[in-house]
Amino acid sequence: AVRTLVALDIVEVRHGHGMFVGQVSMRPMVESLIFKGLLNPGDDHRGLRDIVEVRITLDNALAEPVTHAWHNRHDPELNTLVDNIEHLASQGKLFTDQDRCFHTRLLQPLDNHLYLHLTEAFWAIHTLTVPLLDAPKLEDLTSTAKAHRAMLQAAHAGDTPAYRQAITDHYAPLLAVLT
């Protein structure tokens with residue numbers, strides 16, 4: 001039982017000191033999903049598509065709280081991230097780190113920190129499995145970069161429907177590759 005709790009990051013055993021409450025991270029879930037995805041390489045990216053669909057569902061579910069939290073609230077860090085994303089996309093370069101920071105930053109003002117942990121977990125899976133896909137096209141990078149700008153503008157305006165549309169636009173290129 002203790003080994004199971006340790007494997008789930010619920011308990012940490014410190015030899016000579018005892019057992020302590022662990023970090024309770026999403027690591028076991030991430031490792032399980034990655035392992036499952038890597039063991040099923042012939043599934044035509046079904047595992048990654050499932051993860052992207054869950055991310056879309058989570059992002060849409062959080063659209064109202066995000067637009068409420070960011071309405072008329074400006075953050076130079078978010079603006080800089082979007083500028084960097086657009087710049088990298090225009091050069092045909094990936095912007096994985098900036099993308100991750102952007103989505104993490106959008107969720108920080110929300111009261112429920114589980115959203116942030118789930119998003120980070122899905123990002124970890126996404127980052128480790130997306131390299132199995134072909135390199136994205138310039139138009140896909142540009143489209144995704146524009147969607148980030150649209151998400152930020154909709155969040156600042158408190159416009160939930162526009163934010164949801166930007167989410168759809170954000171994931172469209174990735175879903176096209178996965179179907």
Glu77 vs Thr80, side chain to side chain contact (heavy atoms under 4.5 Å, CB included): CA-CA, chis, key distance, verdict
CA-CA 5 Å; Glu77 180 183 339; Thr80 300; 5.8 Å; no
Do the side chains of [Y] and [X] get nearer than 4.5 Å, heavy atoms only?
X: Asp83; Y: Glu86; result: yes
X: Leu62; Y: Leu106; result: no
X: Arg100; Y: Thr96; result: no
X: Asp159; Y: His71; result: no

Where the side chain of Ser143 meets the backbone of Glu139, is there a donor-acceptor pair that is under 3.5 Å apart?
no
Can you tell me how far the [atom1] atom of [X] sits from the [atom2] atom of [Y], to the nearest 0.5 Å?
X: Arg105; Y: Leu152; atom1: CZ; atom2: CG; answer: 11.0 Å
X: Phe102; Y: Asp97; atom1: CZ; atom2: CG; answer: 15.0 Å
X: Thr144; Y: Arg149; atom1: OG1; atom2: CZ; answer: 14.5 Å
X: Ile85; Y: Thr142; atom1: CD1; atom2: OG1; answer: 12.5 Å
X: Asp99; Y: Leu94; atom1: CG; atom2: CG; answer: 10.0 Å
X: Lys146; Y: Asp169; atom1: NZ; atom2: CG; answer: 10.5 Å

Please find the pair of heavy atoms, one from [X] and one from [Y], that lie closest to each other, and give the distance.
X: Leu141; Y: Ala89; value: O-CB, 3.5 Å
X: Arg55; Y: Tyr171; value: NH2-OH, 3.2 Å
X: Leu107; Y: Tyr115; value: CD1-O, 4.0 Å
X: Ala166; Y: Met151; value: CB-CG, 3.3 Å
X: Asp75; Y: His156; value: N-NE2, 4.4 Å
X: Ile167; Y: Asp59; value: CD1-O, 3.4 Å

Positive for side chain to side chain contact (heavy atoms under 4.5 Å, CB included) with Asn60, one of Ile56, Leu58, Thr57:
Ile56
Which word best sums up how the rings of His170 and His148 line up, parallel for under 30°, tilted for 30 to 60°, or perpendicular for over 60°?
perpendicular
Above 12 or not: heavy atoms from other molecules or residues under 6.0 Å from CD of Glu53?
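Atom CD in Glu53 is crowded, with more than 12 foreign heavy atoms closer than 6.0 Å.
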Pair His87-Gln91, side chain to side chain donor-acceptor pair (under 3.5 Å): steps then yes or no
CA-CA 7 Å; His87 176 71; Gln91 295 180 335; 3.3 Å; yes
